[in-house]
Amino acid sequence: MTRPDFAAFYGAVHGRPPFPWQKRLAAQVQSGGWPKTIAVPTGCGKTSVIDVAVYSLASQAEMSALERTAALRVFFVVDRRLVVDDVSRHARDLAKVLSEGAAEEVTWAREQLMRFGGPRPLEVAVMRGGMY
């Protein structure tokens, strides 16, 4: 199965196309680098940087650890409880689609991510002050 582009992957996961800035970010990350900051207005899909990270890792799953620029672990750090809840919901929804989705783009990502040997293609954990 050939690698879909980010827009096709995102559309298969969310049922809508990504914002143009998300496509540009995915292209930048695929080229090997994350920006130092991501400054877009509230409500414009910053949470989907998780999707960019997951897509990037899936795209590089066949590479050795020395060749890969994508991280195995991604930390989304925020200081607002409601945002933490929203981000964790987004990540869990993504994990569920990756585990159960039937679209070709999702199947591709699942197969690639399973190369890392985990029990599921994507694990999600929430770390919050005051939580065990």
Side-chain angles (χ1 to χ4, degrees):
M1 183 179 308
T2 59
R3 179 179 84 187
D5 66 11
F6 176 74
F9 167 75
Y10 188 93
V13 169
H14 298 287
R16 63 183 183 281
F19 288 117
W21 77 265
Q22 292 166 328
K23 290 193 291 189
R24 288 191 305 272
L25 176 65
Q28 179 179 345
V29 171
Q30 285 297 108
S31 297
W34 283 87
K36 290 190 185 282
T37 59
I38 297 173
V40 295
T42 299
C44 288
K46 287 184 290 291
T47 303
S48 288
V49 299
I50 295 169
D51 301 70
V52 171
V54 168
Y55 174 80
S56 180
L57 181 59
S59 296
Q60 296 181 14
E62 295 179 0
M63 296 178 177
S64 75
L66 296 174
E67 296 173 303
R68 209 172 42 241
T69 59
L72 285 174
R73 291 172 186 84
V74 176
F75 296 87
F76 196 104
V77 181
V78 291
D79 63 352
R80 303 275 190 274
R81 183 180 187 118
L82 290 174
V83 176
V84 170
D85 293 343
D86 285 344
V87 170
S88 64
R89 187 172 22 261
H90 179 95
R92 285 189 181 104
D93 290 347
L94 176 58
K96 182 175 179 160
V97 170
L98 287 169
S99 290
E100 301 171 4
E104 184 176 322
E105 298 86 352
V106 173
T107 301
W108 165 83
R110 177 174 46 249
E111 290 172 359
Q112 294 301 102
L113 294 170
M114 292 304 293
R115 291 173 179 265
F116 294 105
R120 288 171 286 285
L122 180 63
E123 295 285 339
V124 177
V126 176
M127 295 185 288
R128 183 181 323 165
M131 283 181 58
Y132 295 104

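Values below: all heavy atoms of this structure, side chains included; hydrogens, waters and symmetry mates excluded.
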Minimum heavy-atom separation for Glu105 to Ala8, with atom names?
CG-O, 3.8 Å
What's the verdict on side-chain contact (heavy atoms from CB on, under 4.5 Å) for Leu94 and Ile50, showing C-alpha distance, side-chain angles and the deciding distance?
CA-CA 9 Å; Leu94 176 58; Ile50 295 169; 4.0 Å; yes
Does Gln22 reach the main-chain N or O of Gly45 with its side chain, forming a donor-acceptor pair under 3.5 Å?
yes
Is a salt bridge present between Asp93 and Lys96, judged by a nitrogen-to-oxygen distance below 4.0 Å?
no
Determine the minimum heavy-atom distance between Ala7 and Lys23, stating which atoms define it.
CB-CD, 3.8 Å
With a 4.5 Å cut-off on side-chain heavy-atom distances among I, L, V, M, F, W and Y, is there a chain of contacts connecting Val74 to Leu98?
no
Please tell me if the side chains of Ser59 and Gln30 come closer than 4.5 Å, counting only heavy atoms from C-beta onward.
yes
In terms of hydrophobic clusters joined by side-chain contacts under 4.5 Å, are Val54 and Met114 together?
no
Single hit among Gln112, Glu111, Arg110 for side-chain contact (heavy atoms from CB on, under 4.5 Å) with Trp108
Gln112
Is there a continuous path of hydrophobic side-chain contacts, each under 4.5 Å between heavy atoms, that joins Trp21 to Val87?
yes
Find out if a path of hydrophobic residues (ILVMFWY) with successive side-chain heavy-atom gaps under 4.5 Å connects Val29 to Met63.
no
Check: Pro17 and Tyr10 side chains under 4.5 Å, non-hydrogen atoms
no
Is there a side-chain contact between Arg92 and Val126, using heavy atoms and a 4.5 Å cut-off?
yes
Any donor-acceptor N or O pair under 3.5 Å, side chains Thr69, Gln60:
yes
Please verify the inter-ring angle class for Phe6 with Tyr55; under 30° counts as parallel, over 60° as perpendicular, anything in between as tilted.
perpendicular
Among Pro20, Pro35, Pro18, which residue meets the side-chain contact (heavy atoms from CB on, under 4.5 Å) test with Leu25?
Pro35
Any donor and acceptor pair, going by atom type alone, linking the side chain of Ser56 with main-chain N or O of Val52 inside 3.5 Å?
no
Which atom names give the shortest non-hydrogen contact between Val124 and Ala91, and what distance separates them?
CG2-O, 3.6 Å
Is any side-chain heavy atom of Phe116 less than 4.5 Å from a side-chain heavy atom of Leu57?
yes
Do the side chain of Glu100 and the main chain of Val97 share a donor and acceptor less than 3.5 angstrom apart?
no
Between Cys44 and Phe19 the two heavy atoms that sit nearest each other are O-CD1, 3.0 Å
For the student: nearest non-hydrogen atoms of Ala95 and Leu122, plus distance:
CB-O, 3.7 Å
I'd like to know if the side chain of His90 pairs up with that of Asp51 as donor and acceptor (distance under 3.5 Å, no hydrogens or angles considered).
yes
Measuring only between side-chain heavy atoms, which start at C-beta, is Phe76 closer than 4.5 Å to Val84?
no
Within a reach of under 6.0 Å around CD of Gln28, are more than 12 heavy atoms found that belong to other residues, nucleotides or ligands?
yes
Short question: side chain of Lys46, backbone of Val40 - any donor-acceptor pair under 3.5 Å?
yes
Give, for atom OG1 of Thr47 and atom CZ of Arg89, the distance between the pair rounded to the nearest 0.5 Å.
10.0 Å
